[in-house]
Number of protein chains: 2
Amino acid sequence: MGIPDRPKRTSARRPVSIQDIAEAAGVSHSTVSRALHNSDLIRPEVRLRVQQLAQKMGYIPNAVAQSLKGQRTHTVGLVISSIADPFAGRVVRGIEEIAQANRISLLLSVSYNDPERELEIIETFQRRRVDGVISATAQMRGAYVQRLTQIKMPTVMINQQADSEADRLLSVDADDYAGARLAVEHLLSLGHRRIGYLGVGNRWQSNRRRFAGYCDTLSGAGVAVNAQWVRVAPILNNPRSDDVVDGQALLPALLGSDVTAVFCYNDLIAVGALMACRELGIVVPEQMSVVGYDDVDIARYVTPSLTTVHQPKLRLGELAMQMLLDLLEGQAVHNTSLANELVVRASTGPPPL
Amino acid sequence: MGIPDRPKRTSARRPVSIQDIAEAAGVSHSTVSRALHNSDLIRPEVRLRVQQLAQKMGYIPNAVAQSLKGQRTHTVGLVISSIADPFAGRVVRGIEEIAQANRISLLLSVSYNDPERELEIIETFQRRRVDGVISATAQMRGAYVQRLTQIKMPTVMINQQADSEADRLLSVDADDYAGARLAVEHLLSLGHRRIGYLGVGNRWQSNRRRFAGYCDTLSGAGVAVNAQWVRVAPILNNPRSDDVVDGQALLPALLGSDVTAVFCYNDLIAVGALMACRELGIVVPEQMSVVGYDDVDIARYVTPSLTTVHQPKLRLGELAMQMLLDLLEGQAVHNTSLANELVVRASTGPPPL
DNA sequence: CACCGCTTTGCACACGTGTGCACCATCGTG
DNA sequence: CACGATGGTGCACACGTGTGCAAAGCGGTG
């Protein structure tokens with residue numbers, strides 16, 4: 001009488017499982033599982049034999065099954081606004097290094113600052129049961145934050161310093177307000193009084209903080225901010241905008257006023273400003289000083305090289321990932337704020353006479 | 001007599017499962033599963049009731065369990081050499097857009113051209129049972145390729161055009177050899193005869209192809225290549241090298257020879273060359289023409305703006321991802337090769353008299 | 001009324017791994 | 001020899017989902 005011969009998994013050429021090893025070794029799958037984990041419940045000779053057999057059969061544990069059983073995926077979801085942004089690139093590198101060192105895999109998602117996409121991404125992370133989320137999006141909308149806190153998913157934000165009550169969510173950041181002050185103080189110390197600001201409209205939270213630092217520093221020095229000195233790139237329907245193009249388009253609008261220096265939201269805006277100056281025959285820094293923000297690689301390579309506020313991007317990423325790991329281990333973690341540094345290069349100088 | 005009350009999963013605040021919904025609706029979990037998939041096996045009113053209940057209870061399917069059961073993770077592993085590389089950034093963007101549109105998640109890994117890390121990454125992908133792999137590493141070592149083909153994991157390479165037999169592995173690429181010819185032909189047409197080459201040592205395969213294009217084009221024009229014209233950055237122990245620094249360090253070595261133009265392995269090397277020229281007081285392009293490769297964003301922003309060979313980076317990524325999707329659906333796919341285009345900007349001109 | 005066919009549901013297993021508990025063999029000791 | 005202690009192994013279940021098959025309910029027809 002025929003034993004109902006089991007499917008004989010060799011058909012679909014599946015990867016070997018502990019069950020396969022168990023049959024080959026003449027033991028149960030439990031024994032194999034324990035042996036592979038070096039459990040001292042298993043007799044040393046059996047343990048060794050199973051391990052060698054697993055090696056020979058090319059066994060590779062199925063992380064999916066382990067995740068299901070262990071309720072831990074060892075996966076972290078990563079949301080960024082844009083891949084093209086060199087700022088994000090450095091931050092991701094820091095995150096990735098710490099993650100890899102701790103055998104954590106990263107699920108990469110790009111939001112393009114699109115609210116609908118942000119919600120989709122969160123749901124995907126929920127479906128995949130990531131252990132936690134790191135969000136390095138420039139923009140944080142209400143629905144996004146609300147959803148994230150509501151579902152109680154361990155989350156660390158990068159550069160999302162909250163204004164007031166939202167300190168419920170953890171974050172690592174470099175102080176935008178203080179950074180902006182550094183930049184403007186530098187220009188003031190060079191003798192500039194009439195200083196412009198070129199901002200962005202689609203990242204209004206960090207833009208607002210940097211703008212506030214700009215305003216307060218000027219006011220503190222007894223300079224009344226002139227509305228003519230401030231220009232902000234409009235929010236396009238197209239969420240994929242180009243900061244350099246925006247900076248280039250924005251700068252000429254300042255010429256009507258009499259600014260001798262301009263502080264830009266970030267380095268890309270500043271690069272656009274530099275290009276506009278070149279086109280208009282304005283010599284930097286002799287006729288106009290330009291300051292950027294972030295200190296991305298490109299700031300060193302343009303001509304003149306860009307004076308800018310250096311953000312510790314790598315460190316931000318590393319700290320965020322480490323904080324998330326601590327959080328997952330149940331340790332107490334506290335928000336961290338890093339200091340920015342002013343980097344003086346060739347795009348700033350004394351104002352023209 | 002007490003029914004051995006089941007664990008009552010409400011304790012550990014796990015996400016709701018179809019089992020929870022089943023109990024709440026008074027049906028079996030099978031019915032719930034089918035209802036949520038809109039199976040017409042389930043009576044319409046039951047189907048609707050279950051769906052509404054799932055909605056209300058905030059059910060989010062467990063992709064881990066689905067992957068285990070369905071033997072498909074809807075996940076693709078992505079290997080790149082470096083996050084900092086702006087070339088990789090654009091390619092990843094193309095990949096990510098197609099992936100997101102097809103509800104595929106990306107597992108990001110950075111290899112830093114470290115052989116050991118590359119093998120670790122592959123094993124991680126195997127453990128996690130990714131459906132396929134896209135490899136955009138600049139460097140492809142034997143062990144890496146061998147391992148990848150050996151385990152028969154669906155894989156698409158980017159810019160890894162094989163020399164001879166290795167056409168077993170699928171790839172999408174833009175022809176390095178032809179691109180280099182474009183660049184050198186441009187310089188020849190401007191009147192240059194003595195043309196240098198600045199290369200890299202740690203990406204020898206693409207470097208070799210571009211160098212071959214350089215050599216053949218010169219030879220074809222009757223110019224004998226002079227060994228003094230060629231410099232290649234040494235391979236450092238530190239796998240995190242900086243192309244700009246290398247280019248900057250390499251250019252002065254060419255001054256002993258009498259080159260009037262230099263073709264660089266990529267834009268970053270070229271930017272380094274531009275910076276070296278500035279330091280040495282060499283005016284570009286009047287005294288020296290410089291050509292880059294890749295056409296990354298920065299090429300437009302440096303001064304003078306860089307003449308370069310444009311690679312369709314976004315398209316490379318999109319095609320690679322689409323090819324992998326087709327492959328996973330069992331469709332026949334064929335290797336694709338895209339054309340590069342020369343972009344003439346301000347860093348090239350006629351040779352000095 | 002008996003039988004057939006259709007619709008709707010549940011049972012049971014599978015995916016691959018980890019682990020509490022029971023069981024068995026062996027050994028030591030009174 | 002009997003009994004308890006100890007060490008090694010397997011059974012059975014759990015994780016959450018999907019699905020083939022059986023079964024139940026029900027209406028129609030000869």
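Naming convention: chains lettered A, B, ... in sequence-line order (proteins, then strands); numbering from 1 in each chain. Note that the structure is a prediction, hence the values are computed from the model and not measured.
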Option passing side chain to side chain contact (heavy atoms under 4.5 Å, CB included) with Ile158(A) (candidates Ile95(A), Asp173(A), Val79(A)): Ile95(A)
Return the 5'-most residue of the pair Arg129(B), Pro44(B) with respect to DNA chain C, ranking by each residue's nearest nucleotide. Pro44(B)
Taking the nucleotide of DNA chain C with the closest heavy atom to each, which residue, Ser28(B) or Ala65(B), is nearer the 5' end? Ser28(B)
What nucleic acid atoms does Val27(B) come within less than 4.0 Å of, heavy atoms only: base, sugar-phosphate, or nothing? sugar-phosphate
Under 4.0 angstrom, heavy atoms only, what part of the nucleic acid is Val64(B) near: base, sugar-phosphate, or nothing? nothing
Could you state the [atom1]-[atom2] distance from [X] to [N], rounded to the nearest angstrom?
{"X": "Leu41(A)", "N": "dG20(C)", "atom1": "CG", "atom2": "P", "value": "10 Å"}
{"X": "Leu68(A)", "N": "dG18(C)", "atom1": "CG", "atom2": "C1'", "value": "11 Å"}
{"X": "Gln71(B)", "N": "dT17(C)", "atom1": "CD", "atom2": "P", "value": "11 Å"}
{"X": "Glu23(B)", "N": "dG10(C)", "atom1": "CD", "atom2": "C1'", "value": "15 Å"}
{"X": "Leu36(B)", "N": "dT19(D)", "atom1": "CG", "atom2": "P", "value": "13 Å"}
{"X": "Ile60(A)", "N": "dT17(C)", "atom1": "CD1", "atom2": "P", "value": "11 Å"}
{"X": "Tyr59(A)", "N": "dT17(C)", "atom1": "OH", "atom2": "C1'", "value": "7 Å"}
{"X": "Arg34(B)", "N": "dG10(C)", "atom1": "CZ", "atom2": "P", "value": "9 Å"}

Pair [X]-[Y], side-chain donor/acceptor within less than 3.5 Å:
{"X": "Thr75(A)", "Y": "Arg128(B)", "answer": "yes"}
{"X": "Gln322(B)", "Y": "Glu318(B)", "answer": "no"}
{"X": "Arg117(B)", "Y": "Gln100(A)", "answer": "yes"}
{"X": "Gln51(B)", "Y": "Gln55(B)", "answer": "no"}

Is any NZ, NE, NH1 or NH2 atom of the basic residue among Glu97(B) and Arg93(B) found under 4.0 Å from an Asp or Glu carboxylate oxygen of the other? yes
Would you say the side chain of Ser30(B) and the base of dC11(C) hold a donor-acceptor pair, judged only by whether the two atoms sit under 3.5 Å apart? yes
For a quick test of reading the model: is some side-chain N or O of [X] closer than 4.0 Å to OP1 or OP2 of [N]?
{"X": "Ser17(A)", "N": "dG16(C)", "result": "no"}
{"X": "Gln66(A)", "N": "dG16(C)", "result": "no"}
{"X": "Arg47(A)", "N": "dG8(D)", "result": "no"}
{"X": "His29(A)", "N": "dG18(C)", "result": "no"}
{"X": "Thr31(A)", "N": "dG10(D)", "result": "yes"}
{"X": "Arg43(B)", "N": "dT9(C)", "result": "yes"}
{"X": "Gln19(A)", "N": "dT17(C)", "result": "no"}
{"X": "Ser33(B)", "N": "dG18(D)", "result": "yes"}

